[in-house]
Each structure stands twice: as C-alpha cells, then as structure tokens.
Amino acid sequence: MARVPIEEGFFRVPDDEHELPVLLGSRCTACGEVFYPRRLVCAQCLHVGCEDVDLATRGRLWTWTYCHVPLFGRKDTDVPGYGVGQIDLPEGPRVQAILMGGPDDFEIGMELEIDLETLREDSDGDEVVIYRFRPVDGADADAAGVQ
C-alpha cells in the first residue's frame, strides 16, 4: 500500500514514512520571487518561465482559526474539529493549511512543521493523503530558526 497525494503537483510524498513531505513551489528566474503553488508566470514581474523549487518543511504561524466540524473528506465524524492556518515559509510564500492539534495548541508566531494526514483509502488500496502542519516539539513564539 502506497501513500498518494490528494492532488498531484502540490506536494511530494516521500517513500520513507519517517521523512517529511515537501511542498512544490516555483522561483522566478528574473526577480527571484518564490511562489506556492507552482506557476509559470511571475506575479511580481510578469516574467514567463519560473523554475520548480522544493520549499522548506518548517514555517511560522501567521494566523489561524479552529473549525468545530469534521474535516472535509473524512468519514470519521467523531473528530471534534480542526485548525486552519496561514504559515509563512522562509522562502517567502504564505501557505494556507490544515493544522494538527486542538484549539489550545496554537499561538501566532509559533514554529510549525509539515506532516501528512490520511483522508481515505482509494480503490487501489492506497492511502490518499493531504499535507498539514503541526507544532514543532518545544516550539514557542520566540523560537529562533524560521523568519
């Protein structure tokens, strides 16, 4: 049984389940602006021809909220809710993502790390996964390392 992304082209699922997934972004070859998701034309300078780049696995929580309903696509209605946040990556993009944890687990400015969550099993028996972010163990709003 393999793990497959819910949609190709947005993140890479590692073969080793102990490795972190990687968001797939773009960098403008003219001005250097970095984007997520990938794009062909730079939104900053309108140059045509961005290169694909792997983005950092950690970022800082810019803002967040907690939804008190089950996560979309989940059949498990016993889950009380989920967090949604915007995470600033060190390369520049701000990414919106599901957050792993309860309503008391998040603080603006805290360091987060990308992770995967299984939504369901497909007809081939593969796990269909989404990316999400979770607090880094021991992280706080003043932790160094991610801008």
Side-chain angles (χ1 to χ4, degrees), residues 1-29 31-40 42-44 49-67 69-147:
M1 173 169 54
R3 296 179 302 165
V4 296
I6 191 168
E7 182 75 31
E8 291 290 335
F10 292 94
F11 61 101
R12 184 173 53 249
V13 178
D15 292 332
D16 182 347
E17 67 182 49
H18 300 292
E19 290 181 25
L20 297 175
V22 176
L23 293 178
L24 305 174
S26 296
R27 178 181 292 114
C28 176
T29 56
C31 74
E33 189 75 16
V34 178
F35 302 96
Y36 179 81
R38 292 188 273 191
R39 53 185 311 132
L40 296 173
C42 177
Q44 184 71 26
C50 293
E51 63 184 0
D52 291 344
V53 294
D54 290 350
L55 299 176
T57 58
R58 289 187 177 195
R60 283 219 182 269
L61 187 58
W62 186 72
T63 193
W64 68 280
T65 191
Y66 197 81
C67 302
V69 295
L71 181 64
F72 66 91
R74 297 275 313 214
K75 306 248 189 243
D76 180 6
T77 57
D78 293 335
V79 177
Y82 62 97
V84 177
Q86 292 186 347
I87 299 95
D88 287 336
L89 300 178
E91 298 89 351
R94 179 171 289 155
V95 177
Q96 184 164 315
I98 302 297
L99 302 176
M100 180 183 162
D104 298 324
D105 295 336
F106 310 110
E107 183 177 328
I108 290 174
M110 74 186 309
E111 189 175 12
L112 301 173
E113 184 172 62
I114 195 168
D115 196 2
L116 292 175
E117 179 170 352
T118 301
L119 286 182
R120 65 182 180 277
E121 193 173 287
D122 68 13
S123 59
D124 296 326
D126 294 330
E127 292 180 357
V128 177
V129 297
I130 59 170
Y131 71 88
R132 63 185 179 180
F133 280 80
R134 60 180 166 77
V136 173
D137 292 335
D140 64 16
D142 299 319
V146 178
Q147 301 293 321

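Here, residue 1 is the first one in the sequence, and each next residue gets the next number. Remember, predicted model here, so these are calculated numbers, not experimental data.
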Whether [X] side chain and [Y] backbone form a donor-acceptor pair below 3.5 Å:
X: Tyr36; Y: Phe10; answer: yes
X: Arg60; Y: Gly109; answer: yes
X: Asp122; Y: Asp124; answer: yes
X: Arg132; Y: Leu99; answer: no

[Y] and [X], any side-chain heavy atoms less than 4.5 Å apart:
X: Val84; Y: Ile98; answer: yes
X: Pro5; Y: Tyr131; answer: no
X: Leu23; Y: Leu89; answer: yes
X: Tyr82; Y: Cys67; answer: yes
X: Met100; Y: Glu117; answer: no
X: Thr29; Y: Cys50; answer: no
X: Asp52; Y: Ser26; answer: yes

Let me confirm one number: the [atom1]-[atom2] distance from [X] to [Y], rounded to the nearest 0.5 Å.
X: Ile6; Y: Thr118; atom1: CD1; atom2: OG1; answer: 11.0 Å
X: Asp105; Y: Met110; atom1: CG; atom2: CE; answer: 7.5 Å
X: Thr65; Y: Gln86; atom1: OG1; atom2: CD; answer: 11.0 Å
X: Glu111; Y: Leu61; atom1: CD; atom2: CG; answer: 11.5 Å
X: Ile130; Y: Leu119; atom1: CD1; atom2: CG; answer: 4.5 Å
X: Arg27; Y: Asp54; atom1: CZ; atom2: CG; answer: 10.0 Å

Please find the pair of heavy atoms, one from [X] and one from [Y], that lie closest to each other, and give the distance.
X: Cys42; Y: Phe35; result: SG-CZ, 3.7 Å
X: Arg38; Y: Gly9; result: NH2-O, 3.0 Å
X: Ile87; Y: Ala97; result: CD1-CB, 4.0 Å

- Query: Can Glu17 and Arg3 be counted as an ion pair, charged N to O under 4.0 angstrom?
  - Reply: no
- Which of these passes ring-ring contact (aromatic ring centres under 6.0 Å, His included) with Phe106: Trp64, Tyr66, Phe133? Trp64
- Message: Is there a side-chain contact (heavy atoms from CB on, under 4.5 Å) between Val53 and Glu91? Walk through the geometry before answering.
- Response: CA-CA 10 Å; Val53 294; Glu91 298 89 351; over 6 Å; no
